[in-house]
Number of protein chains: 2
Amino acid sequence: MARNGKLATDLVQKLERDIVTGVLKPGDKLDERSLSERFGVSRTPVREALQTLAGSGLVATMPRRGTIVASITVADLIEMFEVMAELEAMCARLAARRMARVDVEKLLALGGECDKLQEHADADAYYEANVNFHEVIYAGCRNSFLERQTKNVRNRLAPYRRLQLHRPGRVKKSNAEHAGILEAISTGDAERAAKLMHQHVAVQGEALNDLLAIVPRGYLEPLAS
Amino acid sequence: MARNGKLATDLVQKLERDIVTGVLKPGDKLDERSLSERFGVSRTPVREALQTLAGSGLVATMPRRGTIVASITVADLIEMFEVMAELEAMCARLAARRMARVDVEKLLALGGECDKLQEHADADAYYEANVNFHEVIYAGCRNSFLERQTKNVRNRLAPYRRLQLHRPGRVKKSNAEHAGILEAISTGDAERAAKLMHQHVAVQGEALNDLLAIVPRGYLEPLAS
DNA sequence: TAGACATTTCTGGTATACAAAAACTCGTGG
DNA sequence: CCACGAGTTTTTGTATACCAGAAATGTCTA
């Protein structure tokens, strides 16, 4: 999609990883000068990288006031989860209809892996496997545009989703939901797959309260932007 | 969202308008130097503007080979319409549940306007009113993230959607479909609104063949990218 | 005449220099 | 002690200069 020079592209990837994996947290300031010396390039590619990231929404830049890792309002968070649920549901629906047999096998294997990790209660390892599970479904929808779109929203929500898994019981529940989705997809029940995925991803009711309660201060903007 | 300097922001808006309204067509080359002298600025803001547009997918830039107005493959077109239908359906579903009474009134008024213009068979004027109709529904979903996301995809499809309305009978059919959607939303029938909107936007079967038949050469990439 | 190789030219990628605006500091006055 | 303001500093936005890679062109040879 957005291909800039080689240096800038590298920076985009590195910064993106740092943001998605939580090394850089929402609200962190991204100073052009520091970044440029840290990576040993001039400010130009740094600016281009920030520009690209701003386009995908991972960072926010205010004119003449610099750029920070995007932090969102509570309203934004709710809205984005609402859209995320729909996008993932669509992926699941299409995957149930279109996924090749070999990919279903792969998905089954990943489901098993999640099962194992879930028992060991290693939240971070489970998170990895969980990401893989979902990505195989994204790919299974056979709509690369939808796949990109979904991944983009997921990346933007990553800092907040990550928090959820550290809650006791969440991993086990998540894994149980995977089983249902897996079954629906492997039997080709598109609507059921969509419905289950929607429920799996949506954050509503008490789950929303729980999430908001554990979001560290600074991850969310005050109402006055 | 992506705020850069003032000059760059202006350029983004101007270029975006030119692309969406069809002044610049898919495949057109966007030479940095020409643009910079045409707008009387240096190459830097031009590059930043192109960068931003590349982020939203309206232009494509290949390293060392310059940037062009994004042209997509047939597969991309199909994929994007598939997602577009789902996003607009979601907007309609939420709008049916959430729209304030006064906004429903506005929508009814716009529906009437479309009716009038449809009778005069002025495709361009109808296109305008049609855009407004849809935008009121976007706003009615009360999810600004979804609204932005939907508008973004719509903009990317604009060059291709525009073509459809110049087909005989399409305007009348489109307008009839609006009536159904309008009715579903004003009576709060969310699922019906979603379903009708999905059908309204989706391009499938013969409609897809028709669209592909009238897309000018150059609007679509050959398979070998 | 056709094809391949070399050269040239053009365009994009990067670095640096300069200008302008915001943030910070420090001092003064209430 | 706090508030306010002028001057300094920091940081972003823009312009320009330089470099490198790719396409185009021209020439030489088979």
Side-chain angles (χ1 to χ4, degrees), chain A residues 1-16 19 24 26-71 218 221-222 224-225, chain B residues 1-16 18-19 24-71 218 221-222 224-225:
Chain A
M1 179 161 33
R3 299 294 288 276
N4 21 24
K6 197 169 178 317
L7 294 185
T9 306
D10 279 1
L11 291 184
V12 168
Q13 289 175 356
K14 282 178 187 163
L15 289 173
E16 192 169 295
I19 295 172
L24 289 169
D28 283 1
K29 202 148 185 290
L30 294 174
D31 174 46
E32 295 178 0
R33 202 193 203 74
S34 325
L35 290 175
S36 72
E37 26 190 83
R38 177 175 152 207
F39 290 109
V41 297
S42 88
R43 273 179 56 219
T44 308
V46 170
R47 278 181 71 79
E48 304 215 333
L50 293 178
Q51 198 80 19
T52 298
L53 290 171
S56 71
L58 278 176
V59 307
T61 112
M62 285 92 79
R64 297 271 171 199
R65 301 193 53 189
T67 105
I68 60 172
V69 178
S71 72
E221 280 176 31
S225 173
Chain B
M1 181 162 30
R3 300 293 289 276
N4 20 25
K6 199 169 177 315
L7 294 186
T9 306
D10 280 0
L11 292 184
V12 168
Q13 290 174 356
K14 281 178 188 163
L15 289 173
E16 192 170 295
D18 282 356
I19 294 172
L24 288 169
K25 298 189 200 356
D28 283 0
K29 204 150 184 289
L30 295 173
D31 174 50
E32 295 180 359
R33 276 181 165 79
S34 323
L35 288 175
S36 73
E37 32 190 79
R38 176 175 152 207
F39 290 107
V41 298
S42 87
R43 274 179 56 218
T44 308
V46 170
R47 279 182 69 80
E48 304 215 333
L50 293 179
Q51 198 79 19
T52 298
L53 290 171
S56 71
L58 279 176
V59 307
T61 112
M62 285 92 81
R64 297 272 169 199
R65 301 192 51 191
T67 105
I68 59 172
V69 177
S71 72
E221 280 176 32
S225 174

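It should be emphasised that the depicted structure is a prediction, and the values quoted were computed from it without experimental measurement. In the text below, chain A, chain B and the rest are named by the order of the sequence lines, each starting its count at 1.
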Residues that [X] engages under side-chain contact (heavy atoms from CB on, under 4.5 Å), provided they are two or more places apart:
X	answer
A:R43	A:E32, A:S36, A:R47
B:K25	B:D28, B:Y219
A:S34	A:D31
A:R65	A:M62

Shortest non-hydrogen contact from [X] to [Y]?
X	Y	answer
A:Q51	B:T52	NE2-OG1, 2.9 Å
B:T61	B:A54	CG2-CB, 3.8 Å
B:A49	B:A8	CB-O, 3.8 Å

I want to check something: taking the side chain as every heavy atom from C-beta on, are [X] and [Y] in contact at a cut-off of under 4.5 Å?
X	Y	result
B:L50	B:L15	yes
B:L53	B:V12	yes
A:V41	A:L11	yes

(Q) Tell me which residues in residues 30-42 of chain B lie within less than 4.0 Å of DNA chain D, going by non-hydrogen atoms. (A) B:V41, B:S42
Please report the distance, rounded to the nearest Å, between [atom1] in [X] and [atom2] in [N].
X	N	atom1	atom2	value
A:L7	D:dG21	CG	C1'	14 Å
B:Q51	D:dG13	CD	C1'	16 Å
B:R47	D:dT14	CZ	C1'	14 Å
A:M62	D:dG13	CE	C1'	16 Å

Q. Considering residues at least two apart in sequence or located in another chain, which fulfil the salt bridge (Lys or Arg N to Asp or Glu O under 4.0 Å) criterion with A:R64?
A. none
Q.
Let me spell it out: for each of B:K29 and B:T44, pick the nucleotide of DNA chain C with the closest heavy atom. Which residue's pick is nearer the 5' end?
A. B:K29
Q: Go along nucleotides 18-25 of chain C 5' to 3' and tag each nucleotide: B for a protein heavy atom under 4.0 Å from its base, S when only backbone or sugar atoms are that close, - otherwise.
A: --BSSS--
**Q.** Five-pair end axes of the helix from C:dT1-D:dA30 to C:dG30-D:dC1, angle between them (10°)
**A.** 10°
